[in-house]
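Predicted model only: the values in this text are computed from it and were never measured. Index from 1, following the sequence.
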Amino acid sequence: MIENKDNIFYRFLLWREKHINERTFVLIISFLVGLCAAVAAIVLKNAIHLIQNLLTSNLKEGANYLLLLYPVAGILLAGLFVKYIVRDDISHGVTKILFAISQRKSRIKPHNMWSSMVASSVTIGFGGSVGAEAPIVLTGAAIGSNLGRLFRLEQKTLMLLVGCGAAGAVAGIFKAPIAGLVFVIEVLMLDLTMTSVLPLLIASVTAATMSYIFTGTEPMFSFSQTEEFALHKIPYTLMLGIFCGLVSLYFTRASIRIEGWYRKFLPQYWQKFLVGAAALSLLIFLFPPLYGEGYNTIVSLLDGQFTNLMQQSPLSTVIARNEAISPFIDYWGIIFFLILILLSKVFASTATNSGGGCGGIFAPSLYLGCIAGFVFSHSSNYFDITATLSEKNFALMGMAGVMSGVMHAPLTGVFLIAELTGGYDLFLPLMLVSTSSYATIIIFEPHSLYSMRLAQKGELMTHHKDRAVLTLLKMDNIIETDFIRVSPDMSLGDLVRNAVAQSPRSMFPVVENDGKLLGVVQVDNIRNIMFRPELYDRFHVSRFMLSPPAKVVNNMSMEQIMRLFDDTKAWNLPVIDENGAYLGFVSKSKIFNAYREALVDTFMGD
């Protein structure tokens with residue numbers, strides 16, 4: 001029966017090759033990818049809301065001790081699911097997509113089409129302080145990758161379908177087709193060409209349309225602009241952008257350092273879970289707005305209903321008892337409370353993921369941006385400045401600012417917030433805040449939180465085509481190992497008879513008994529004595545071997561290797577491992593040939 005099915009599918013592939021050209025077929029697949037990504041996004045959103053409604057419908061004002069238990073249960077269930085069922089790391093979804101594009105020929109494992117959805121729905125539904133967007137983007141990209149592999153499509157088409165899946169996921173979960181397209185260009189760093197733009201648009205529009213059909217045409221956040229943006233407020237808009245850039249910098253660096261702390265000091269799974277669960281439950285108990293994605297907090301701030309954010313926190317009881325300072329607390333209490341949330345959100349998010357949960361930073365960046373914009377405008381208005389700032393407008397602009405800074409994607413921040421809220425009238429200030437936020441963080445961090453880990457290893461593909469192609473090259477494909485090894489105590493005669501005469505190569509590595517590279521012998525350096533038999537027993541290899549101009553370590557990035565060639569002007573360089581053991585040689589000609597092949601396979605269209 002399986003054989004019959006395989007034969008039917010094989011016949012379909014043959015029929016397709018004869019009757020449907022490649023470009024048309026890619027458009028059809030991009031439609032299917034957008035459709036599947038939208039369904040996945042809708043299922044994930046509904047699963048999260050269902051779990052949250054079941055758990056939080058009976059919560060009351062004041063301290064809720066159930067908030068100490070829900071997040072712990074969520075990351076425990078998600079962690080056990082990943083550890084014992086999936087048995088693979090599914091965290092950092094967007095980073096995994098970037099890694100697949102640059103290092104795995106755009107191949108993403110099939111389980112990623114569903115595993116991230118299950119783990120993130122449980123994590124976030126039970127209160128994990130992360131977002132569902134990165135898991136659904138990984139899901140969409142995995143759908144595109146595996147559909148492409150199913151239909152035996154080539155690597156550059158597979159990369160395009162990964163982008164289609166990511167674009168469809170963003171468009172589907174946010175109802176934002178333009179943001180989905182721009183996200184792929186800015187964050188996944190795929191080049192927009194005439195060949196790629198149409199499939200990406202089809203996937204985005206298809207996914208957004210599906211979301212409209214099943215969840216309505218209303219934007220994700222209801223926003224009505226009652227105060228127009230005035231040009232004399234531009235300086236405050238730029239200052240907000242700088243503030244958002246600094247918030248983004250804090251979130252980015254703190255995330256990396258806290259995750260590093262978990263890995264370094266808590267190597268075991270259960271250690272990470274216990275510490276992460278304790279930190280997360282305590283933070284959510286003290287600051288209930290940290291529960292889940294935080295979209296309810298965004299809605300409250302955009303609607304001006306910020307006074308109810310402290311109702312379920314035990315801190316509200318403490319504040320209520322201090323009647324002597326109530327006039328001051330009336331205005332600054334909420335600011336102090338939100339600043340504490342602004343500072344502690346990164347601890348809650350990293351505790352969620354490091355403790356075993358699954359989620360991304362889309363929602364946290366929107367959440368922090370909304371709070372940053374509100375805190376900025378609410379604080380400024382207290383001092384009765386000449387230009388009264390609209391708090392909900394600045395909260396909206398702050399969302400674009402922090403997202404642009406954290407993701408290093410200013411256009412994504414602008415279009416996503418405009419489509420999320422329908423706030424198209426604020427396009428100019430959104431652009432100002434996003435640009436100034438991005439310009440601020442780029443001074444301190446050249447890479448986004450998504451790409452930083454890969455960039456440090458030299459595994460990140462960028463819009464720079466030369467660097468992108470070099471990233472795709474692997475040492476295994478360019479190293480040459482057919483050089484005859486010689487020892488330092490070998491005589492000139494043995495060298496001539498057993499190496500020079502037996503090899504077409506003009507260079508020979510000098511290697512000790514333990515395998516370590518000592519130097520190299522070049523035929524040009526012994527040409528004047530190699531034909532004098534009377535010297536064969538007088539000279540040994542150690543006499544005329546030379547140190548290579550540089551050594552390539554096998555874990556170097558291809559960009560570092562090319563820099564070595566440029567610095568030394570060499571044409572061949574030896575390769576060693578981290579312990580100095582000889583492995584082979586790399587040559588410029590081999591790299592150039594591999595470069596041309598990768599360039600054609602990856603970027604050249606039909």
- Query: Where the side chain of Ser204 meets the backbone of Leu200, is there a donor-acceptor pair that is under 3.5 Å apart?
  - Reply: yes
- Message: Quick one, Leu138 and Ile97 - any side-chain contact, counting heavy atoms below 4.5 Å?
- Response: yes
- Message: Is it true that, when you exclude Asp577 itself, more than 12 heavy atoms of the residues, nucleotides or ligands shown sit nearer than 6.0 Å to its CG?
- Response: yes
- Note on the structure: Note: Ala499 and Ile484 closest approach over all heavy atoms is O-CD1, 3.9 Å
- Between Glu133 and Ala363, is there a donor-acceptor pair closer than 3.5 Å when you use the side chain of the first and the backbone of the second? yes
- Query: Where do Lys96 and Asp89 come nearest, in terms of heavy atoms and distance?
  - Reply: CE-O, 2.6 Å
- Message: For Asp514, is the CG atom crowded, meaning more than 12 foreign heavy atoms sit under 6.0 Å from it?
- Response: yes
- Item | Val187 versus Leu98, closest heavy-atom pair with distance | O-CD2, 3.5 Å
- Query: Side-chain contact, heavy-atom cut-off 4.5 Å: Val402 with Phe251?
  - Reply: no
- Query: Do the non-hydrogen side-chain atoms of Phe81 and Val118 ever get within less than 4.5 Å of each other?
  - Reply: yes
- Any donor-acceptor N/O pair, Ser491 side chain to Asp494 backbone, under 3.5 Å: yes
- Query: Short question: side chain of Ser30, backbone of Leu27 - any donor-acceptor pair under 3.5 Å?
  - Reply: yes
- Message: Between Ile124 and Val130, does the side-chain contact (heavy atoms from CB on, under 4.5 Å) criterion hold? Intermediate values first, please.
- Response: CA-CA 7 Å; Ile124 302 167; Val130 287; 3.9 Å; yes
- Between Glu22 and Arg16, is there a side-chain N and carboxylate O pair less than 4.0 Å apart? yes
- Message: Leu449 vs Ser255, test: side-chain contact (heavy atoms from CB on, under 4.5 Å). Steps then yes/no.
- Response: CA-CA 8 Å; Leu449 190 54; Ser255 294; 4.1 Å; yes
- Query: Just how far is it from atom CG of Leu246 to atom CD1 of Ile242, taken to the nearest 0.5 Å?
  - Reply: 7.5 Å
- Tell me, please, which residues at least two apart from Phe362 pass ring-ring contact (aromatic ring centres under 6.0 Å, His included). Phe174, Phe183
- Item | Test side-chain contact (heavy atoms from CB on, under 4.5 Å) applied to Leu366 and Met403, step by step | CA-CA 6 Å; Leu366 293 174; Met403 169 161 277; 3.7 Å; yes
- Shortest non-hydrogen contact between Asn146 and Lys109, atoms and distance: ND2-O, 3.8 Å
- Message: Quick check against the 3.5 Å criterion: does Asn353 have a side-chain atom that pairs as donor or acceptor with the backbone of Gly359?
- Response: yes
- Message: Does Glu534, at its CD atom, have more than 12 non-hydrogen atoms belonging to other residues, nucleotides or ligands within less than 6.0 Å?
- Response: yes
- Quick one: are Glu186 and Pro410 in side-chain contact, heavy atoms under 4.5 Å? yes
- Task: Looking only at non-hydrogen atoms, find the nearest pair between Ala169 and Ile136 and report the distance.
- Result: CB-O, 3.3 Å
- Item | Distance in Å, Ser115 OG paired with Asp88 CG, rounded so as to fall on 0.5 Å steps | 7.5 Å
- Task: Would you please test Tyr582 and Val510 for side-chain contact (heavy atoms from CB on, under 4.5 Å) and show each step?
- Result: CA-CA 9 Å; Tyr582 167 78; Val510 181; over 6 Å; no
- Task: Please check if the side chain of Lys551 supplies one atom and the backbone of Leu573 the other of a donor-acceptor pair under 3.5 Å.
- Result: no
- Which value, rounded to the nearest 0.5 Å, describes the distance between Ser437 atom OG and Leu249 atom CG? 10.0 Å
- Calculate, to the nearest 0.5 Å, the distance between atoms CG and CZ belonging to Leu158 and Arg107 respectively. 6.5 Å
- Nearest heavy-atom approach of Gly401 to Ser248 is O-OG, 4.1 Å
- Salt-bridge contact Asp524-Arg527 (side-chain N to carboxylate O under 4.0 Å): yes
- Message: So Val586 and Phe565, do their side chains get closer than 4.5 Å, heavy atoms only?
- Response: yes
- Item | Ser349 (side chain) donor-acceptor with Ser129 (main chain) under 3.5 angstrom | yes
- Message: Test: ring-ring contact (aromatic ring centres under 6.0 Å, His included). Region: residues 135-169. Which pairs qualify, not counting sequence neighbours?
- Response: Phe9-Phe151, Phe25-Phe151
- Are Val520 and Phe585 close enough that some pair of their side-chain heavy atoms sits under 4.5 Å apart? yes
- Query: Would you say the side-chain atoms of Ser116 pair up with the backbone N or O of Asn112, donor to acceptor, closer than 3.5 Å?
  - Reply: no
- Can you check whether Val182 reaches Val414 side chain to side chain, under 4.5 Å on heavy atoms? no
- Is a side-chain donor or acceptor of Ser145 paired with a backbone partner of Ser106 at a separation under 3.5 angstrom? yes
- Message: Check whether Arg152 reaches the backbone of Leu150 with its side chain - one donor and one acceptor, N or O, closer than 3.5 Å.
- Response: yes
- Output the distance between atom CD (Gln522) and atom CG (Asn572), rounded to the nearest 0.5 Å. 8.5 Å
- With a 4.5 Å limit on heavy-atom distance, are the side chains of Met530 and Leu495 in contact? no
- Item | Ring geometry between Phe273 and Tyr269 (parallel below 30°, tilted from 30 to 60°, perpendicular above 60°) | parallel
- Item | Distance in Å, Leu368 CG paired with Tyr250 OH, rounded so as to fall on 0.5 Å steps | 9.0 Å
- Query: Do Glu445 and Thr252 have side-chain N/O donor and acceptor atoms under 3.5 Å apart?
  - Reply: no
